[in-house]
Each structure stands twice: as C-alpha cells, then as structure tokens.
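Below: the structure, in structure tokens.
Scope of the values below: all heavy atoms of this structure, side chains included, with no hydrogens, waters or symmetry mates. Here the structure is a predicted model, which is why all the values come from computation and not from measurement.
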Amino acid sequence: MFARYCCISLILAALCAGQARAAGPSAIAQYIEAVMTADVPLLRNLLDEGFVYIDVDGRVMNKRTFLKSIEWGSIEVDRLHLEDVVARRYGTTTVATGSLYFVGRTDGMPISSPKQRFSIVAEEGSEKHVLLFQATPLRIKSTEPARQPSDMKVPPAPKKK
C-alpha cells in the first residue's frame, strides 16, 4: 500500500510540474490518482461525458462502462509505474504521453501489463475534464528477420461471374 501512494506522489509531482500552485493538480494527475484509489465520485465529476477509454487489448469503454468497471472492481490497479512522461499544453488542452507498466486485477484475475505507451487528453479550462485514455502495447523486437512482401501469401482475387 505504501508503494502505491509513493508512486501516486511521484506521478502527481511529474504531471503538476510547471503548473501554478494556485491552479491545483492537473486533470491528468487527478485522473491517475482517482483510478489508483478507485475514487468513483471524483472520476464521475472529472471525466467528460464523451470520455473514451481504450485499453491495451483494444477494448473501448465509454464513461458509464468505465465507471462501472472501477466501481464493481472489474479494474483494480495495485501498482503503476510511469516513465518518460511528457505533458504538453495546447491552449486549454493538455496531452500527456509516456510509458507505463501496471500490476492489478481484471475481473478478479491477477494481471500485469507488458510495457505500453499511453496517452491522456484533458481539458484544463475553468472546469477540468479528462477526454481520453489510450494504452498501446510495446512490442519486443523479434530476432527474426522482417518478412518481405514476396514471403507473404496473398489470397487470389475472387473470380468475376
């Protein structure tokens, strides 16, 4: 449990760097903390109505489904490690990208993710809203040579009748 909160503190510090203290934590930092602590009421207020969550397996969830999965414990995060986090502001929109690795449970089954890239998009105007979370798995380089188009079998075109 201690490691979980130390990790949250480091994440929050990294994502809030450069922001005015009076503005409080960014929507992205709040989102990460809320997911780590399963804070459904905070997520309900923080997520935009059009929020989209895309996991590493390509599953897409809207706000309602994502909140239910957190509320019911379908998604539980025990450890989350972020690296190479870069947050950029474009007007009132913040885009954070980086690498992550997490350990947790999905539907009660223990899981650990391979290293993956993530993107989080948030609106940081007078009201803060997270618009998108997307994770993309990083593939480990294969030692096999890349296949050439001549190696690939292409099915024949269907015959016209």
Side-chain angles (χ1 to χ4, degrees), residues 1-106 110-142 146:
M1 189 63 88
F2 176 72
R4 171 186 276 186
Y5 292 103
C6 284
C7 182
I8 290 172
S9 298
L10 293 171
I11 294 165
L12 294 177
L15 290 174
C16 293
Q19 279 200 322
R21 288 190 184 273
S26 73
I28 293 170
Q30 290 179 51
Y31 169 80
I32 292 171
E33 181 175 17
V35 170
M36 290 285 295
T37 60
D39 188 340
V40 174
L42 177 58
L43 285 169
R44 187 171 285 114
N45 290 327
L46 186 60
L47 301 180
D48 187 74
E49 288 307 313
F51 172 77
V52 176
Y53 175 90
I54 305 169
D55 73 10
V56 294
D57 295 323
R59 289 180 297 189
V60 178
M61 290 186 232
N62 62 18
K63 177 180 178 177
R64 184 175 159 268
T65 306
F66 179 71
L67 289 173
K68 289 291 182 195
S69 67
I70 297 288
E71 189 173 51
W72 295 343
S74 298
I75 300 173
E76 296 178 63
V77 179
D78 295 328
R79 274 190 324 230
L80 180 66
H81 176 73
L82 291 157
E83 298 176 342
D84 307 322
V85 177
V86 176
R88 292 185 175 91
R89 287 287 290 246
Y90 302 96
T92 59
T93 302
T94 301
V95 178
T97 59
S99 299
L100 71 85
Y101 171 82
F102 82 94
V103 175
R105 287 174 292 291
T106 299
I111 59 166
S112 62
S113 72
K115 192 171 185 181
Q116 52 196 272
R117 294 294 295 170
F118 74 90
S119 298
I120 304 174
V121 179
E123 176 63 32
E124 302 279 357
S126 58
E127 291 194 25
K128 299 177 181 182
H129 293 284
V130 175
L131 309 170
L132 168 77
F133 173 87
Q134 179 178 359
T136 306
L138 292 176
R139 303 286 181 220
I140 297 173
K141 266 190 170 175
S142 173

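- Put simply, the side chain of Ile120 reaches to within 4.5 Å of the side chain of Val130, judged on heavy atoms.
- In this structure, the side chain of Glu124 engages the main chain of Ala27 through a donor-acceptor pair within 3.5 Å.
- Residues passing the salt bridge (Lys or Arg N to Asp or Glu O under 4.0 Å) test with Asp55 are Arg59, sequence neighbours excluded.
- Between Ala34 and Leu42 the shortest heavy-atom distance is CB-CD2, 3.7 Å.
- The side-chain heavy atoms of Thr94 and Ile28, taken from C-beta on, include a pair separated by under 4.5 Å.
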Cut-off 3.5 Å, no hydrogens considered: what does the side-chain donor-acceptor table look like for residues 60-68, sequence neighbours left out?
| residue | atom | partner | partner atom | Å |
| --- | --- | --- | --- | --- |
| Asn62 | OD1 | Arg64 | N | 3.3 |
| Asn62 | OD1 | Thr65 | N | 2.9 |
| Asn62 | OD1 | Thr65 | OG1 | 2.9 |
| Lys63 | NZ | Arg44 | O | 2.8 |
| Lys63 | NZ | Leu47 | O | 3.1 |
| Lys63 | NZ | Glu49 | OE2 | 2.8 |

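- If you take CD1 on Ile32 and CG on Leu82, they are separated by 5.5 Å, rounding to the nearest 0.5 Å.
- Closest approach of Ser99 and Asp84 over heavy atoms only: OG-OD2, 4.2 Å.
- Within the model, atoms CD of Gln30 and CG of Asp39 stand 10.0 Å from one another, a figure rounded to the nearest 0.5 Å.
- Counting heavy atoms from C-beta on, the side chains of Leu131 and Val52 never come closer than 4.5 Å.
- Note that the CD atom of Glu83 and the CG atom of Leu100 stand 9.5 Å from one another [nearest 0.5 Å].
- How far CG of Asp48 is from CD of Glu127: 10.5 Å, rounded to the nearest 0.5 Å.
- No side-chain donor-acceptor contact under 3.5 Å links Ser119 and Gln134.
- Considering CG of Leu132 and CD of Glu123, their distance stands at 13.5 Å, rounded to 0.5 Å.
- Note that OH of Tyr31 is 6.0 Å distant from OH of Tyr53, once rounded to the nearest 0.5 Å.
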